Amino acid sequence: MHQFIGGELRAASTGDHHDVIDPSTGEVIDTVELASTADVDAAVAAAAAAFPEWSRATPGERSAVLAKAAALLEERAEDLAQTESRNAGKPIRLAREFDVPGTIDNTAFFSGAARSLEGKASAEYSPDHTSSIRREPIGVVGSIAPWNYPLQMAAWKVLPAIAAGNTIVLKPAEITPLTSVMFAQAFADAGAPAGVVNVVTGRGAEAGAHLMRHQDVGMVSFTGSTAVGRTVLEAAATNAKRVHLELGGKAPFVVHDDADLTAAIHGAVAGSLINTGQDCTAATRAIVHRSVAKDFIEGVAELYAAVRLGPTADEDTDLGPLVSRAHRDKVAGMVERARGYARVVTGGEAPGGDLARGSYYAPTLVAAVPTDSELWRDEVFGPVLAVTTFETDDEAIALANDTVYGLAASVWTRDVYRALRATREIKAGCVWVNDHIPIISEMPHGGYRQSGFGKDMSAYSFEEYTQVKHVMHDITGVAEKEWHRTIFRLR
Ligand code: NAD
């Protein structure tokens, strides 16, 4: 597969390529060219050339392109779902019912939002002047996306950027580039001028790092690990770029003694296994009241045992593979080490038979996990739920906040006061009450603390992708103004 630069598929200049692998079989399904720094330069130049026209397009014109793109994505939904499923190892049900419709809805949302950028009303804040606000795009945005939700992450990066009048160069993860290029193609087909959306398919340390440092890029938007996010911050310092970071997570899942335990058990299974646990908001740390912990652990273990691992193309498959063998081995290694300090209740192994060709790993529940352990503190990014217990509400909140991350959390209780207190005290960009995972185009997604800063989705994302200009008009027509006296003596 080629890259997408200046409105067309373009061969990379390196001649170097990367095999794209279906993680459910280990088979090569495509090859992708690896972008060189020269290809990144070409993409940034195309985006810079497109900026004057696109930034001056009326909101209505930009909205129309986004609406047309949403319709094209709808027409291409099955192709997108099949490609996403094979490239990222997603069960086809997940790709069809979550990734693709979520992307289409987001595109439709930003088609509307493009027409309703807001600012303060013009007014006279001094008797002699009228002040007004212009909300303007920044220029060329350089974006980097991870492999866990390739299509949705491409959408979260591209949509608010271009709806606000910026142009963009997106670098997807090198192992999951296919649907990002299809997404960019939909905008070109919808009438976006050449260069508005560009995709370079190179390696992080080369193409990615070059894009983050590029002097003609005005803003960088990165979703990925906290470790790489730190390097993005440093790179952005080179020309004081605006930075938007969506980083790792280690979401707490707090179950009180008055919770609907059946709901909490179902929520924990769905919240920990979505996308095979490769979700930055996935439930990873179950913090359960001691009096209900035994029932909670038994209930989750029972449902975990019934989860169907299988080929991703099979409608009946619940859980797909991890994204790669290397990642599966990392997850397995963390669970193996945990056997030395905690109790693996169920899972903790890779299935055999036909599935051994892929990078599958069984749903794994680990109880009595010490809160200073690797499994409790570090991102596993796999189908693994760690459990610990608490006695008091204060203890539950302290445990929830005892992490460097702050992306998402949930609290399970029937007590409205307990719920309200938890939503105030927990330091995270999203707190669910009696649910875990749902996202919605109208509401923001973003982190606190080392989960990053800035928001994806919703009108809040325009705060990242626009800059505010104050315009001040003199309304007196007086040449020699009173305030000039402060600076020099009037004749
Ligand atoms: P990663 O940080 O390894 O890679 C992310 C992207 O950065 C890839 O495109 C990669 O090629 C690129 N990259 C790697 N090194 C780079 C460098 N030196 N300079 C520039 N770019 C570089 O993350 P991953 O393993 O692809 O994804 C998993 C991580 O993403 C997890 O930590 C997860 O929590 C996080 N994530 C966060 C959110 C969120 O919204 N906060 C959403 C999805 C994933």
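All values derive from a computational prediction rather than experimental measurement. In listed order, ligands and their atoms are each counted from 1.
Contacts between Ala227 and ligand 1 below 4.0 angstrom, taking non-hydrogen atoms only, are absent altogether. Here Leu407 has side-chain heavy atoms under 4.0 Å from ligand 1, and that is the only part of it that gets that close. In Val232, neither the side chain nor the backbone holds a heavy atom less than 4.0 Å from any atom of ligand 1. Here Tyr149 has no heavy atoms under 4.0 Å from ligand 1, in either its backbone or its side chain.
Looking at Gly208, Gly452, Gly224, Gly248 and measuring to atom 35 (C) of ligand 1, the nearest heavy atom belongs to Gly224. Comparing Ser143, Gly204, Ala251 against atom 19 (N) of ligand 1, the shortest heavy-atom distance belongs to Gly204.
For His436 and Phe253, the distance between ring centers is under 6.0 angstrom. When ring centroids are compared, Phe462 and Phe110 come within the 6.0 Å threshold. For His445 and Trp156, the ring centers are positioned less than 6.0 Å apart.
Looking only at heavy atoms of the protein, atom 26 (O) of ligand 1 is closest to Trp147 CD1, 2.9 Å. The closest protein non-hydrogen atom to atom 32 (O) of ligand 1 is Glu379 OE1, 2.6 Å. Nearest protein neighbour of atom 36 (N) of ligand 1, counting heavy atoms only, is Cys280 CB, 3.7 Å.
Aromatic ring pairs are classed by plane angle as parallel below 30°, tilted from 30° to 60° and perpendicular above 60°; the pair Phe187 and Phe183 is perpendicular.
Distances from ligand 1 to the non-hydrogen atoms of His445 include at least one value under 4.0 Å. Under the 4.0 angstrom criterion for non-hydrogen atoms, Gly446 is not in contact with ligand 1. Ligand 1 lies less than 4.0 angstrom from a heavy atom belonging to Ala145.
Distance screen at 4.0 Å: atom 4 (O) of ligand 1 has no protein heavy-atom neighbour inside the cut-off.
Between the side chain of Arg377 and the backbone N or O of Asp402, at least one donor-acceptor pair lies under 3.5 Å. Side-chain N or O atoms of Arg93 include none that pairs as donor or acceptor with a backbone N or O of Thr312 at under 3.5 Å.
Residue contact check: Ala209 has heavy atoms under 4.0 Å from atoms 19 (N), 20 (C) of ligand 1.
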